[in-house]
Amino acid sequence: MSDQMVKTMMEDPDDSLIVLSGCGTSGRLAFLIASGFNRELRQLNQMSVCSYIIAGGDRALLSSQEAPEDDPRLGVLSLKKVCEGKKRVLFIGISCGLSAPFVAGQLDFCLQDPEVYTPVLVGFNPAHQARDEPMPGCTFTFFSVVQRMQELAKSHMAFLINPTVGPEAISGSSRMKGGSATKLLLEVVFSAGHAAAFSHTPITYEGILQYMRAYETAVNITYAHREGITALVESAGQSLQRGRCVCYLGWGSLALLGLIDASECNPTFGADFGDIRGFISGGYRQLNNNEGPLASLGPEFYIAHEDFLLLVLPNLSDQDTVVLIYTHSDDVSEVVKMACLVREKTSILHAVCHQTDGDTAASVLNSIPSFSQQWELSTKLVLNAVSTGAHVLKGKIYQNHMIDVQVTNSKLYHRATRLLQKLSGCPESRCEEALLKVLYQMDELSADITSSDITTHTRTARNRSRVVPLALVCLLTGCSLVEAESYLELQPIIREAIALIDKA
Ligand code: F1P
């Protein structure tokens, strides 16, 4: 049904708008999908009909900005701004965990004006597991919004797309399976709407299944390259273990997957922005984001290949890993030129290259989903494996949990407390106390601190690193914060740091 809506919107682009919105990785995928779809429309001389919103604005496309995710009013304001003057809006809110207040605020706003807004929620939790925690300044929770949507879904005035995709390989890592499923589902919906509007192809169950099968093939082909992916993970892991870096150098829309994957490593693994970096040929011109070039915000936002050549390449050594990401339709001579320059500095050079075999080349233009959409998914899977695998090798995963998660919004604060409970077996109050001691860098907490709200704690967390690992070591060994810091400095792998303390 939401594909029918997409068709209707495309037939009347002047008055209609499709908005994709999300936080963190979900917002980055909103950007990727909206940009890809608009590009396709432009190629057919049609007007763009899609907009994206990411909590925290465009800087969140490339860096971690978790705090705005907690703000439902901010979500509403940004939605109102993009929809000004539109008579019909299909709003697609993405929150893998059915949890982001920013998206809940937007959905609630849409539900109040059904004449204009049709809300769609994409996520990967069962509806009854939507977050039911009060939000600042709101009378509703994510869960209550979902309940209202379920009611309206009966009359097709709202849509809930929340299939179960099973647990993530690494607990809490919704950027991986959840992110891939978001891309796949929305592209299927858009492709079906597009085909119905422009080639009068009716939207059928079989047609949708066929689109899904094309993605299934892309996944199977990707994982058939097990050895290649393993080699890539190993070299990236070795680079990180030695304190060196991994650089993704991409061309076209595939480069975006590199930027996205790299940007997730800071909030997910507590990585430094220099550990895994993405660069895109054509820089911001190719990115074509709402707010334009962001390089003035600092080195984290230098994304062009020229930036890589000027600022990163001179310092590369034989222990750094470089991955070239391209397709046969990119300017391969440029790729070769880049490969030669990189080779002078490091021999750890890999390529993720996509191409069709000769026979299918003719169908490139007509394929649905397009080959680039399938290549993007395949690239996402490979890069997710590389960054996650490399961080596993670096010791950033403890008992299958991403232990060095940033504690920069309320969801992550609660996740950190739950992680500490699960991994230490200590009661919640002791775990929260241990977390706060690390955040405020003191062994005894003042009343001022214990009475402060979560927003104050998460703001303080912005300037802290290794918060959860430190708290866990303190809880498990009973050592002081200073001791835990020096042991983790000596041995960053938690399991081994604990063994060291036990031996001492
Ligand atoms: C949004 C998100 C994740 C990120 C981290 C913080 O989650 O930004 O992308 O990895 O977990 O939250 P969601 O709203 O899609 O569940």
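In this chain, residues are counted from 1 in sequence order.
- Separation of atoms CG (Leu294) and CZ (Arg59) is listed at 8.0 Å; rounding is to 0.5 Å.
- Other residues, nucleotides and ligands place more than 12 heavy atoms under 6.0 Å from the CD atom of Gln112.
- By the 4.0 Å N-to-carboxylate-O rule, Lys87 lies too far from Asp14 to be salt-bridged with it.
- Smallest separation of non-hydrogen atoms from Val89 and Val19: CG1-CG2, 3.9 Å.
- Here the closest heavy-atom approach between residue Phe301 and residue Tyr284 is recorded as O-OH, 2.6 Å.
- A salt bridge does not link Glu84 with Lys81: none of the charged nitrogens is closer than 4.0 Å to a carboxylate oxygen.
- Here the closest non-hydrogen pair linking Ser63 and Glu300 is CB-OE2, 3.2 Å.
- To the nearest 0.5 Å, atoms CD1 (Ile92) and OG1 (Thr182) are separated by 11.0 Å.
- A salt bridge links Lys183 with Glu187; the closest basic N to acidic carboxylate O contact falls under 4.0 Å.
- The two atoms that bring Ala385 and Ile229 nearest to each other are CB-CG2, 4.0 Å, heavy atoms only.
- In summary, Arg175 and Glu264 engage in a salt bridge, as defined by a charged side-chain N under 4.0 Å from a carboxylate O.
- A salt bridge links Asp275 with Lys394: the closest approach of a Lys/Arg side-chain nitrogen to an acidic carboxylate oxygen falls below 4.0 angstrom.
- Using a 4.5 Å cut-off on side-chain heavy atoms (C-beta onward), Val145 and Gln147 make no contact.
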